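These notes are about the structure you will find just below.
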Amino acid sequence: MTPRKNASAAPEVRARRSAHGEPAPLPAAFYARPAEAVARELLGATIVSEAGGVRVSAEIVETEAYVGPEDEASHAAERFGRTARNDAMFGPAGTAYVYLIYGMHWCLNFVTGDEGFGAAVLVRAARPVDGIEHARARRPGRPDHELMRGPGNLARALGVDAALNRHPLDRPPLWIAPGRPIAEADVAVGPRIGISRAADWPLRFWLRGDPHVSGKS
DNA sequence: GAAACGATTATCT
DNA sequence: GATAATCGTTTCA
């Protein structure tokens with residue numbers, strides 16, 4: 001059987017700026033492509049969160065792609081179908097999918113591909129840029145390079161929880177702006193972390209050698 | 001219904 | 001390296 005086609009149109013994404021000098025958010029078209037391409041290109045992009053009324057921004061340094069119904073490690077794998085938990089993953093590209101793992105940690109994902117397809121990018125780690133004092137307050141006792149290291153920690157430091165499930169990622173209180181371009185030589189690719197099925201698929205992307213990346217230090 | 005598990009993290013030995 | 005924390009979802013009877 002032929003797998004359903006994911007969207008593949010490559011949008012022209014330029015870092016336009018608003019009148020206030022801030023980069024315009026990435027448009028929905030950026031996300032309406034295969035999850036692995038979006039995951040790679042999100043490296044170096046900026047997350048801005050105003051959740052909780054305080055502003056925190058960070059540069060994405062680690063992502064994972066969950067590529068569609070054939071991906072057995074995905075919450076949107078074919079054997080699950082569309083359920084109450086994973087429903088947001090089938091929503092429009094460029095919206096958030098936020099879920100609770102191990103009963104205590106929120107994980108932030110960006111929905112990719114065609115609406116109804118079921119793919120997303122998990123944001124695993126970032127480097128705090130602005131509002132780091134607020135991130136420290138949410139992660140007391142942690143050194144700065146661990147504030148957003150790991151998906152649960154990142155969500156905590158940014159104030160992300162279920163209230164942001166399905167939120168469009170081009171507007172407050174949570175949006176993504178283009179960041180610095182990352183050369184291919186600085187990008188590492190390998191298997192995803194913490195999964196048992198499709199454990200060898202190389203769908204994790206990170207900045208080589210960056211101390212804010214999760215995993216072994 | 002009941003039991004097991006999970007896209008994790010912190011802490012203990 | 002091993003394990004507790006903690007709860008919604010999934011799996012099994």
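Below, chain A is the first sequence line, B the second, and so on; all start at residue 1. Just so it is clear, the model here is predicted, and its values are computed rather than measured.
No engagement by A/R204 is indicated, since no non-hydrogen atom pair under 4.0 Å with the nucleic acid exists. Among the protein residues, A/Y99 comes within range of the nucleic acid bases, having at least one heavy atom under 4.0 Å from a base atom. Residue A/I195 is classed as a sugar-phosphate contact, given heavy-atom separations below 4.0 Å to backbone atoms only.
Between the side chains of A/R124 and A/S214, at least one donor N or O lies within less than 3.5 Å of an accepting N or O.
Just one residue in the list A/E59, A/E146, A/E62 forms a salt bridge (Lys or Arg N to Asp or Glu O under 4.0 Å) with A/R127, and that residue is A/E59. The side chain to side chain contact (heavy atoms under 4.5 Å, CB included) test with A/V160 is passed by exactly one of A/V123, A/V98, A/I47: A/V98.
Protein atom NE2 of A/H105 is 11 Å distant from nucleotide atom P of B/dT11, rounded to whole Å. The interatomic distance linking A/E64 (CD) with B/dG6 (C1') rounds to 14 Å, in whole Å. Straight-line distance from the CD atom of A/E72 to the P atom of C/dT10: 14 Å, rounded to whole Å. Atom CZ in A/R85 sits about 12 Å away from atom C1' in C/dC7, given to the nearest Å. Distance CD1 (A/I101) to P (B/dT9): 10 Å, rounded to an integer number of Å. Between the CZ atom of A/R79 and the P atom of B/dG6 there is a distance of 10 Å, rounded to whole Å. In this entry the distance linking CG of A/D161 with C1' of C/dT6 reads 17 Å, nearest Å. Going from atom CZ of A/R149 over to atom P of B/dT8 covers 14 Å, rounded to whole Å.
Remark: the separation of the P atoms in B/dA7 and C/dG1 is 22 Å, to the nearest Å. Taking atom P on both C/dT6 and B/dA2, the two are 23 Å apart, rounded to the nearest angstrom. For the P atoms, the distance linking C/dA4 with B/dA4 amounts to 15 Å, nearest Å.
Across all strands shown, nothing is found opposite B/dA7 as a Watson-Crick or G-U wobble partner with both distances under 3.5 Å. Applying the Watson-Crick and G-U wobble criteria (two distances, each under 3.5 Å), C/dT6 pairs with nothing in any strand.
Along DNA chain B, the nucleotide nearest to A/C107 and the one nearest to A/R142 differ in position, and the one closer to the 5' end is contacted by A/C107. Each of A/R197 and A/L100 lies near DNA chain C, and the nucleotide nearest A/L100 is the one positioned closer to the 5' end.
A donor and an acceptor atom never sit less than 3.5 Å apart when one is taken from the side chain of A/Y102 and the other from the base of C/dA5.
Taking the centre and axis of the six-membered ring of A/Y31, the NZ or CZ atom of A/R33 falls outside the cone set by 45° and 6.0 Å.
Residue A/F80 places its side chain closer to C/dT10 than to any other of C/dT10, B/dA7, C/dT6.
For the OP1/OP2 pair of B/dA10 and a distance below 4.0 Å, the side-chain nitrogens and oxygens of A/N153 include at least one atom meeting the criterion. When the side-chain nitrogen and oxygen atoms of A/R124 are compared with OP1 and OP2 of B/dT8, one or more of them lie within a distance under 4.0 Å.
Follow the hydrophobic side-chain contacts under 4.5 Å out from A/M89 and you reach A/Y99 in the same cluster.
Minimum heavy-atom separation, A/R208 to A/V187: NH2-O, 3.0 Å.
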